[in-house]
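A short write-up of the structure that comes next.
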Amino acid sequence: MYATLLADARFHDLLLAVDRDLAEACRAEGCGCGGRRHVARYARKPRGRPCRLGPEHDQRFSFCCAVDGCRSRATPPSLRFLGRRVYVATVVVLIAILRHGVSDARLGRLSEVVSVDRRTIERWRRWWRDTFTATPFWRAARAALMPPPDGTQLPAALIDRFGGDAQDRLVALLRMRTPPVTGPRKRAF
Ligand SMILES: [Zn+2]
């Protein structure tokens, strides 16, 4: 009956795609000793994940140096395995970037948690524009909100419907549920 953004597998697919980018950068960098990094993932489930996802979501990317006598492990940063507070703060900054554009200051704030490049942000933009707008969640939200939010201005067009500071609004968005199809129309969630 109800869906939330966090319960949408596509949202988690996006986070996984970003993590793959970060992991590839770590692998390409190589070990400090000059050795190559080999894949050495470990099994770990992110906390509090409400929807069923494939087994690839239960692995943290990690690498191990191929050189005997070194074998240093390197684990790249991850959007999926951030603590809850940091995770929310990170997504808020990403939304500011999606809304107001990439600035060095915003990329700098984001880099304190996880290194994210412009290519990764472009992937987020595409996700909101193409994938999110194809979900039943979005169609229901559009039908329930008056005037309907502009699909080309996501996620700002949705977030602007909530009160409070940026973090309150994001949490409200993540908790937003699709209204029952037959229920009364509401002006806001
Ligand atoms: Zn090494």
Side-chain angles (χ1 to χ4, degrees), residues 4-135 154-155 166-167 170-171 173-174:
T4 68
L5 187 55
L6 281 176
D8 189 323
R10 276 166 291 204
F11 181 69
H12 297 278
D13 286 343
L14 169 75
L15 297 181
L16 180 61
V18 172
D19 277 8
R20 283 206 177 104
D21 280 351
L22 298 170
E24 177 50 32
C26 175
R27 191 198 60 74
E29 182 184 88
C31 183
C33 80
R36 283 171 43 183
R37 283 178 171 161
H38 285 182
V39 172
R41 294 177 194 143
Y42 53 93
R44 194 182 151 198
K45 263 189 203 228
R47 280 179 303 151
R49 200 177 54 200
C51 60
R52 285 192 193 177
L53 298 167
E56 70 276 14
H57 286 272
D58 295 336
Q59 289 182 333
R60 173 105 198 227
F61 293 112
S62 191
F63 300 93
C64 185
C65 178
V67 175
D68 274 334
C70 176
R71 301 286 179 196
S72 295
R73 188 173 266 273
T75 300
S78 163
L79 281 188
R80 294 173 302 147
F81 294 99
L82 292 171
R84 189 175 178 82
R85 283 186 71 84
V86 180
Y87 171 79
V88 169
T90 303
V91 177
V92 166
V93 175
L94 275 168
I95 285 170
I97 284 170
L98 292 167
R99 185 171 180 185
H100 302 295
V102 179
S103 69
D104 290 342
R106 291 189 191 111
L107 271 182
R109 272 157 65 198
L110 212 49
S111 303
E112 289 168 13
V113 181
V114 64
S115 80
V116 175
D117 60 16
R118 283 163 201 259
R119 190 167 56 98
T120 302
I121 290 163
E122 206 36 55
R123 191 193 297 280
W124 277 76
R125 276 189 196 279
R126 281 200 303 272
W127 182 83
W128 283 104
R129 193 189 62 212
D130 302 335
T131 306
F132 180 77
T133 52
T135 59
L154 289 169
Q167 183 159 328
L170 177 71
V171 170
L173 172 67
L174 295 177

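- Gly30 approaches Arg37 most closely through the heavy-atom pair O-CZ, 3.2 Å.
- For Arg60, there are no salt bridge (Lys or Arg N to Asp or Glu O under 4.0 Å) partners at least two apart in sequence or on another chain.
- Side chains of Cys65 and Cys33 form a contact here, defined as non-hydrogen atoms less than 4.5 Å apart.
- One distance of note links CZ of Phe61 with CD of Glu56; it measures 9.0 Å at 0.5 Å rounding.
- Taking every heavy atom of both residues into account, Thr75 and Ser62 meet most closely at OG1-OG, 2.9 Å.
- In terms of the side chain to side chain contact (heavy atoms under 4.5 Å, CB included) criterion, residue partners of Ala40 (sequence neighbours excluded) are, by chain and number, Cys64, Arg73.
- Here Arg36 pairs with nothing under the salt bridge (Lys or Arg N to Asp or Glu O under 4.0 Å) rule; sequence neighbours left out.
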Criterion side-chain contact (heavy atoms from CB on, under 4.5 Å) on Cys70 and Cys31, from CA distance to verdict: CA-CA 9 Å; Cys70 176; Cys31 183; 3.7 Å; yes

